[in-house]
2 protein chains.
Amino acid sequence: MSRSSTGKVRGTGRTTLEEVAAHAGVSTMTASRALSQPQLVSDATRTKVELAVVELGYVPNRAARALASAQSRVIVALVPSLSNVVFTAVLDGIHDAIEHGQYQLLIGNTRYSDAEEEKLLRTYLQSNPDGILLSGLTHSEQVERMLAGSRMPVVSMMDLADDPTELSVGFSQHDAGHAITRHLLDRGYRRIVFVGAQLDERTLRRADGYRQAMQAAGLADPRLEIMVPAPSTIALGAELMREALETLPDCDAVFFCNDDLAHGAIYYCQRHDIRVPQDVAIAGFNDLPASAWMVPSLTTIDTPRYRIGYEAASLLLDVIGGREPRERRIDLGFTLREREST
Amino acid sequence: MSRSSTGKVRGTGRTTLEEVAAHAGVSTMTASRALSQPQLVSDATRTKVELAVVELGYVPNRAARALASAQSRVIVALVPSLSNVVFTAVLDGIHDAIEHGQYQLLIGNTRYSDAEEEKLLRTYLQSNPDGILLSGLTHSEQVERMLAGSRMPVVSMMDLADDPTELSVGFSQHDAGHAITRHLLDRGYRRIVFVGAQLDERTLRRADGYRQAMQAAGLADPRLEIMVPAPSTIALGAELMREALETLPDCDAVFFCNDDLAHGAIYYCQRHDIRVPQDVAIAGFNDLPASAWMVPSLTTIDTPRYRIGYEAASLLLDVIGGREPRERRIDLGFTLREREST
DNA sequence: CTGAAAGCGCTTACAG
DNA sequence: CTGAAAGCGCTTACAG
């Protein structure tokens, strides 16, 4: 026992496993086994140790465990935003999928910045995570290199990797963009504007899907694409709706890259007595809760963001645990919600 | 060097500080100082060590650091929900306030459950956090006991502690509920319904504020209070609006405990040609982004949730760092937004 | 300004 | 089923 008469010189002062073992009358390593691999220990021993744990109020020291076992039981999740409900839903799913007590979750907000992602990753690598959840498929070279060097499992969230051996969970952003454009075309709209903000990789892929559908219909026109790097907000949606109507007076539909923008557009139209969809149709992306309720209700793509988080974390846990997953690329799909706005 | 000819028997296999020190031609402890307390080391030494770090791609092992220093540099934040934007905004603020690289954030979702809070806390205590951020002022006895036993600083978020020596950051939920009721009374509304959902402590305090204002005006009536334990959603807001109009046909205003419910109510009224505020006024709480844009725009209380997270984390970091804060109870206030719905 | 050495609190091949 | 002992990779009072 490393106590002087005046108490511990260093350390946290908390009860240690050594003390638990002494209290239970067993060796430290037996106490350790009784807690982490109880099946390797006799019932009597396990009971003695468990009793000692309760009596002494023992709380294991995770740092010591991580150091000795070279397993941190930490997983890292990096998302581009903590104010976008899409990504907080993903985190919600991840949180629910993690076996708490076993694994701990470290969350990082990259703010849609490669540099920030790199910085966070560098910091979090200090914790020697057992695995990492990343948003998106494209990352800086530095990040790719750090990941390759660390040899720890990485799951990409949101979109599907081209390579089916890479771990990814999401749905085809391209196909979803294509599907909603196809829907507008089927409804008879011809001059369909695409409005993209933030211009992250998901928005760009949705734009690709839009473009491909328009081309297939012989209706593509670069002037119909409004792309701004500013973050998506309701206010921006209202502003861009105004802009679209002003600069493209012959447009008959607008596909916004997400619901936040589309909501702003619908509110704008309400305030200016522009009839939706009679004067102009509006479509969004993500199916936020308000979309089904607002007037008119919003046509949009329902995306499985909570499930993406949940399934991505489950997949990562499988791989960490050495369980071969049924598939390494999990397509969760999307659902077109046809509503009043189109 | 503990390498056998076949490589490390245990450990992560990553470069260690010992190797960095050898490469730089200094002792391990000097290398340690060069990195964590560079001012204690000569320029020449620091340069040599920094070079070795880069050349070897050294990444410090946080578990070893935590174990040796008895300082985890971990802070824990517990919030009741990861789908409520109020709390994800709080987390956003916390995340931004943390000096990354220094401190790491462990997030827990208590799901508005005392039992869950207790379980998460028990788990997270294994990481020996340097401090904790909790949502709300009331916790289970078990939680209070664990916190008291651990002697680590705890900051309460959202509401203000009665005891000014306790660490708390937020605003008076009671006063805010009172203020918006007062506003409705000033506008001439008399039969003001209060609708509360979830029934967490914040909702109950807002209800108290409402009740007190109604009593002061001689207009209190228990039948005007609709309280349901279900979580707040737009759908529930629509449903409760219908219920209010049906069971209390003489009501002239409804104060919803949050904007999600109020949005549902406004959409409900739009769909049923109920004029707001002419037929019935509607008020909310939190000032979500849509509130200023919807038609009619929503009267509500603007709450500083991002700043609560930011200031709470800053306060905690001050206390952890031994810096005496100017005040231990930080009132961030709230702002009444008077809009079209009242 | 720099170093030798102990120690933080666990886990784990290896024996028995 | 149980144990002795080394080791994980850092930090830190204490000297000099």
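What you see is a predicted model, and the numbers here were worked out from it, not measured in a lab. Convention: sequence-line order gives letters A, B, ...; per-chain numbering from 1.
Between A:L67 atom CG and D:dA6 atom C1' there is a gap of 13 Å when expressed in whole angstrom units. Separating the CD atom of A:E18 from the P atom of C:dT11 is a distance of 13 Å, rounded to the nearest angstrom. The nearest whole Å value for the distance from the CE atom in A:M29 to the P atom in C:dG9 is 19 Å. Counting to the nearest Å, the P atom of D:dC8 and the CZ atom of A:R65 are 18 Å from each other. What separates CG of A:L35 from P of D:dC1 is a distance of 16 Å, to the nearest Å.
Distances shown here put every side-chain N or O of A:S42 at or beyond 4.0 Å from the OP1 or OP2 atom of D:dC1. The side chain of A:T16 places no N or O atom within less than 4.0 Å of a non-bridging phosphate oxygen (OP1 or OP2) of C:dG9. Residue A:T45 places at least one side-chain N or O under 4.0 Å from the OP1 or OP2 atom of D:dT2. Residue A:T28 places no side-chain N or O under 4.0 Å from the OP1 or OP2 atom of C:dC10. At the phosphate of D:dC10, neither OP1 nor OP2 sits under 4.0 Å from any side-chain N or O atom of B:S69. OP1 or OP2 of D:dG3 sits under 4.0 Å from a side-chain N or O of A:T30. For D:dT11, the OP1/OP2 oxygens have a side-chain nitrogen or oxygen of B:S32 closer than 4.0 Å.
Of the residues A:E144, A:R145, A:E117, the one that meets the side-chain hydrogen bond (donor to acceptor under 3.5 Å, both in side chains) test with A:H139 is A:E117.
When each of B:A63 and A:R33 is assigned the nucleotide of DNA chain D bearing its nearest heavy atom, the one mapping closer to the 5' terminus is A:R33. Nearest-nucleotide positions on DNA chain C place B:L40 closer to the 5' end than the other of B:L40 and A:Q37.
Summarising the base pairing, C:dA13 is matched to no nucleotide, lacking a Watson-Crick or G-U wobble pair whose two defining distances lie under 3.5 Å. In this structure, C:dA4 forms no base pair with any nucleotide, since neither Watson-Crick nor G-U wobble geometry is met with both distances under 3.5 Å.
When each of D:dC10, C:dG3, C:dT2 is scored by its nearest atom to the side-chain atoms of B:V26, the top-ranked nucleotide is C:dG3.
A donor-acceptor contact closer than 3.5 angstrom links the side chains of B:S27 and B:T30.
With a 4.5 Å cut-off on side-chain heavy atoms, B:V90 and B:Y306 do not count as touching.
Taking the six-membered ring where tryptophan is involved, the planes of A:H95 and A:H100 are tilted, since the angle between them lies from 30° to 60°.
A salt bridge links A:D96 with B:R111: the distance from a Lys NZ or Arg NE/NH1/NH2 to an Asp or Glu carboxylate oxygen falls below 4.0 Å.
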